[in-house]
Asker: 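Dropping the structure in here first, questions after.
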Amino acid sequence: MQSWLQTVDFSAAVVLTALLLCVYVPLTRAQLPAGSLSIDCGSNTSYTDPTYNITWVPDEPYIYTGQNYDLPSISDSVPLQSLRYFPGNKTKYCYVLPATPNQTYMVRATFFYYDFLSSASAAPPSFNLEIEAELVAVPDFAQTKNITYEVYMSATSVNIYVCLARSRPTDTSVPFISSLELRPLDTATMYTVVQTLGVYMTCIFHVYFGNWTQNVIRYPYDKYDRLWSPAFTVGFEVTEATSITTTSPVNVSGTMDMVPEIVMQNAAYWSTYDLSYQATSIGLGSSSVACYLALYFAEIDPRAVNESRVFDFVVNGELSLGEANISIVNLTGGLYRAYEIQKTHAMLNDTSTIELVRHTDSVLGPILNGVELFQLTGKVGLRTFAADASAIEAIKKHFNLTSWTGDPCVYTPYDWTKCTTDPSPRITAVMLSNLNLTGSIPGALRNLSALTILWLDHNSLVGTIPDSLSALTNLQSLRLNDNEITGSIPAWLTSLNLTNLDLSDNNLTGAIPSGLLQDRNLTYFNYSGNLCLGPNACGPSPAPVPTTGPSHKNKSNIPAIIGATVGGLLVVTAITLVLVRQCRRRPPYISI
């Protein structure tokens, strides 16, 4: 399902963006909530948009990889003139946005697709948009070049991860993003379903009725910078409606979700027909999905003081308690007072209907000011087990892998980790082979208590095998080969349940623990290439130990055996030749 904020080509996307900026500026400017963040991805400088007084900042403090691209000049007033794309081979690239735990936020990601790789024949990129442990969407640029997603959520930590991930490990698509916005909301009142149900919500639309000549309503009219579009843009039939507007103040304190006053100062009413909306144009699909639906009413028609306006709110032909016999004047006590009706778990699909049905004895027809619709995405997934995540952060810092951001397991794991499917995943594998790593083996590895696989081979690691690894009691496969590791083979390795141990091609010295040579569970053990290891210190390197049980070797013993045999034959041959030559030089035997 795509967002409602879409266009079909780049030029149209530019026009729509310009329309988003062409809102009416009120005499008194609101202020964005503290903690708001507007990131112009790919921009090199900060600037303030004079129309909104919104400060846009570069994205470099929030991500450590990717490349900038400047789009063709559009307009000085349009913020989205750049993007950041990610041509590397990582599975995912994550922005880290600052947050306050348990605060409700709106996260808005915008994508203006442009051929930044100059590959006109290539298909548009395909990638995942992931926020925390949730797959939000797979943007589809085949039909539209401009897509915006709004996600409403409660922060679970001091930051929020917004990630672009390849849909498949073999995918060669290049992810990109144009802008990211973070808006703290009033946690006590706004969209409390994300707190009470512990869910994410993806916005399908915010729409307003009446005054069809306006474009998109947003900040500074809406303190929380939601994007309100005219109702007809999402398929509401308004040709039979009458638009009404007031300049009188409207009290919006009766709404939980803090609807902006300008939305409530505009309305539509139906004199002859009822309002009937079928959700065919918003892409919900044929299967019903759980949705959050909010309708906003304010009686701004002075006739309603003396003439009755009573109607029912009906969804999918069903009338619920509290949604019948609606009279806004009676519910609010008069004119210019806002009223909100919420359905926190409406099951909707493409054939669903939303209706306002006039009572037969009502003089005036239904009135409506605004509607919001969100899809509930299910329970919020947990991040990786805290101790494991902390250990990975320490390991990244130790090896200067800080360009890897986001959660190591969810939604898409790092290239070099494997994790369990537990609600809070555990890390079972760290595979950092052949990454040009330097330095010592980090002690933080000891905190990955669920680890079964540890591969640090084919790097340039130095120092000894640390005793801290003895804490990894679940470890089954340990590869430290092809490094510059020194010291002896620790005896505690025999206490682990290893089936695969490769210590070859290092600078290890001393004796080999007898327990390793006798361990029947150790189906592969390679220590060749350590010249000073074994019973003959600094002598010829011994061949790998023969194994019992099924063999899973990736280095054969045959070359070592052949080499030793051929070498021995050459020595014997040389000695024989010397003896023969000496015998030939002796004088003839003389008998007396």
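Computed from a predicted structure; not experimentally measured.
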Asker: Compute whether any side-chain donor of one residue and acceptor of the other, for Thr196 and Thr192, lie under 3.5 angstrom apart.
Answerer: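 Absent: no donor and acceptor within the cut-off.
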Asker: Report yes or no: is the cationic atom of Arg303 (NZ for Lys, CZ for Arg) closer than 6.0 Å to the six-membered ring centre of Tyr269, at no more than 45° off its axis?
Answerer: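 Yes, a cation-pi geometry.
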Asker: Have Tyr292 and Gln342 got a donor and an acceptor in their side chains that come within less than 3.5 Å?
Answerer: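 Present: a donor and an acceptor within the cut-off.
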Asker: Could you tell me whether Tyr52 and Tyr219 have their ring centroids closer than 6.0 angstrom?
Answerer: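 Judged by ring-centre distance (under 6.0 Å), Tyr52 and Tyr219 do not meet the cut-off.
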Asker: Going by heavy atoms in the side chains, are Val193 and Met201 under 4.5 Å from each other?
Answerer: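 Result yes, sub-4.5 Å side-chain heavy-atom pair found.
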Asker: Can Asp415 and Thr91 be counted as having a side-chain donor-acceptor contact under 3.5 angstrom?
Answerer: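 A pair is found: one side chain offers a donor N or O, the other an acceptor, under 3.5 Å apart.
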Asker: Do NZ/NE/NH1/NH2 and the carboxylate oxygens of Asp312 and Arg358 come within less than 4.0 Å?
Answerer: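 Salt bridge between Asp312 and Arg358, a charged N being under 4.0 Å from a carboxylate O: no.
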Asker: Kindly state whether the ring of Phe141 and the ring of Tyr113 have centres lying under 6.0 angstrom apart.
Answerer: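 Yes; Tyr113 has its ring centre under 6.0 Å from that of Phe141.
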Asker: Under the side chain to side chain contact (heavy atoms under 4.5 Å, CB included) rule, what do Ile427 and Cys409 come out as? Steps first, then yes or no, please.
Answerer: CA-CA 7 Å; Ile427 294 175; Cys409 292; 3.7 Å; yes
Asker: Take atom NZ of Lys418 as the centre, draw a 6.0 Å sphere, and report whether it contains more than 12 heavy atoms from other residues, nucleotides or ligands.
Answerer: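 No, because the 6.0 Å sphere around NZ of Lys418 holds 12 heavy atoms or fewer from other groups.
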Asker: Side-chain contact, heavy-atom cut-off 4.5 Å: Leu129 with Phe111?
Answerer: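 Of all side-chain heavy-atom pairs linking Phe111 with Leu129, at least one is under 4.5 Å.
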Asker: Does some side-chain heavy atom of Leu335 sit less than 4.5 Å from a side-chain heavy atom of Asp301?
Answerer: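 Side chain of Asp301 against side chain of Leu335, heavy atoms only: no contact under 4.5 Å found.
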Asker: Supply the atom-to-atom distance Arg337 CZ to Met264 CE, rounded to the nearest 0.5 angstrom.
Answerer: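 One gets 13.5 Å once the value is rounded to the nearest 0.5 Å.
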Asker: Does the pair Asn349 and Ser286 meet the rule for a side chain to side chain donor-acceptor pair (under 3.5 Å), with working shown?
Answerer: CA-CA 6 Å; Asn349 57 36; Ser286 57; over 6 Å; no
Asker: For the CG atom of Leu293 and the NE2 atom of His345, what is their distance to the nearest 0.5 Å?
Answerer: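 Atom-to-atom, Leu293:CG and His345:NE2 are 13.0 Å apart.
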Asker: Please determine whether a side-chain nitrogen of the Lys or Arg among Asp407 and Arg383 lies less than 4.0 Å from a carboxylate oxygen of the Asp or Glu.
Answerer: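 Here Asp407 does not pair with Arg383 in a salt bridge, since their nearest N and O are not under 4.0 Å apart.
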Asker: Are Glu372 and Asp257 side-chain neighbours, meaning at least one heavy-atom pair lies under 4.5 Å?
Answerer: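 In contact.
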Asker: With heavy-atom distances below 4.5 Å as the criterion, would you say the side chains of Phe209 and Asn369 are in contact?
Answerer: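 No, every pair of side-chain atoms sits at 4.5 Å or beyond.
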Asker: Within this structure, what is the OG1-CD1 distance for the pair Thr110 and Ile147, rounded to the nearest 0.5 Å?
Answerer: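 Rounded to the nearest 0.5 Å, the OG1-CD1 separation comes to 10.5 Å.
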Asker: So, Trp404 versus Tyr414, ring centres under 6.0 angstrom or not?
Answerer: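 For Trp404 and Tyr414, the ring centres are under 6.0 Å apart.
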Asker: Quick one: pull up CE in Met153 and CE in Met106 and give me the separation to the nearest 0.5 Å.
Answerer: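 Atom-to-atom, Met153:CE and Met106:CE are 13.0 Å apart.
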Asker: Taking atom types as modelled, is there a side-chain donor on Trp56 or Asp49 under 3.5 Å from an acceptor on the other?
Answerer: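 Side chains of Trp56 and Asp49: no pair found under 3.5 Å.
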Asker: Side chains of Phe176 and Phe127: closer than 4.5 Å at any heavy-atom pair?
Answerer: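 Side chain of Phe176 against side chain of Phe127, heavy atoms only: contact under 4.5 Å found.
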Asker: Please report whether the ring centroid of Tyr95 lies less than 6.0 Å from that of Tyr62.
Answerer: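 When the ring centroids of Tyr62 and Tyr95 are compared, they turn out to be at least 6.0 Å apart.
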Asker: Taking the basic N atoms (NZ, or NE/NH1/NH2) and the acidic carboxylate oxygens, is any pair closer than 4.0 Å for Glu150 and Arg226?
Answerer: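 No, this pair does not count.
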Asker: With a 4.5 Å heavy-atom cut-off, do Thr428 and Thr420 have their side chains touching?
Answerer: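 Sidechains of Thr420 and Thr428: in contact.
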Asker: Can you confirm whether the side chains of Glu181 and Ser38 place a donor and an acceptor under 3.5 Å from each other?
Answerer: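 The criterion, which ignores hydrogens and geometry beyond distance, is not satisfied for Ser38 and Glu181.
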Asker: From Ile63 CD1 over to Tyr93 OH, what is the distance, rounded to the nearest 0.5 angstrom?
Answerer: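 Reported value, rounded in 0.5 Å steps: 9.5 Å.
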Asker: When you check the gap from the basic side-chain N to the acidic O, do Asp59 and Arg84 get nearer than 4.0 Å?
Answerer: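 Salt bridge: yes.
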Asker: Within the structure provided, determine whether Ser154 and Tyr105 are in side-chain contact (heavy-atom separation under 4.5 Å).
Answerer: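 Answer no - side chains too far apart.
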Asker: In plain terms, say whether Glu299 and Arg309 are close enough for a salt bridge, that is, a side-chain N and a carboxylate O under 4.0 Å apart.
Answerer: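 Salt bridge flag = yes for Arg309 with Glu299.
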Asker: Just checking Phe236: does its CZ atom have more than 12 heavy atoms from other residues, nucleotides or ligands closer to it than 6.0 angstrom?
Answerer: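 Yes, because the 6.0 Å sphere around CZ of Phe236 holds more than 12 heavy atoms from other groups.
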Asker: How far does CG of Asp388 sit from CD of Glu393, to the nearest 0.5 angstrom?
Answerer: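 The distance works out to 12.0 Å.
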Asker: I would like to know whether Asn316 and Ser352 meet side chain to side chain donor-acceptor pair (under 3.5 Å); could you show each step before the answer?
Answerer: CA-CA 6 Å; Asn316 293 332; Ser352 293; 3.2 Å; yes
Asker: Could you walk me through whether Ile39 and Leu37 pass side chain to side chain contact (heavy atoms under 4.5 Å, CB included), step by step?
Answerer: CA-CA 6 Å; Ile39 300 174; Leu37 185 60; 3.7 Å; yes
Asker: For the rings on His206 and Phe374, is their centre-to-centre separation under 6.0 Å?
Answerer: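 Centroid separation for His206 and Phe374: below 6.0 Å.
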Asker: Tell me whether Asp225 is salt-bridged to Arg108, with the criterion being a basic N under 4.0 Å from an acidic carboxylate O.
Answerer: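 Yes.
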Asker: Taking Lys92 first and then Glu130, would you say they form a salt bridge - that is, a charged N and a carboxylate O separated by under 4.0 Å?
Answerer: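 Salt bridge absent between Lys92 and Glu130.
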Asker: When you compare the side chains of Asp422 and Ser424, does any donor N or O come within less than 3.5 Å of an acceptor on the partner?
Answerer: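 Absent: no donor and acceptor within the cut-off.
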Asker: Do Thr48 and Thr55 meet the criterion of a side-chain donor-acceptor pair at a distance under 3.5 Å?
Answerer: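 Their side chains do contain a donor-acceptor pair, which is all the 3.5 Å distance test asks for.
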Asker: Let me see the working for Leu83 and Phe112 under side chain to side chain contact (heavy atoms under 4.5 Å, CB included), right down to the final yes or no.
Answerer: CA-CA 8 Å; Leu83 57 81; Phe112 268 169; 5.8 Å; no
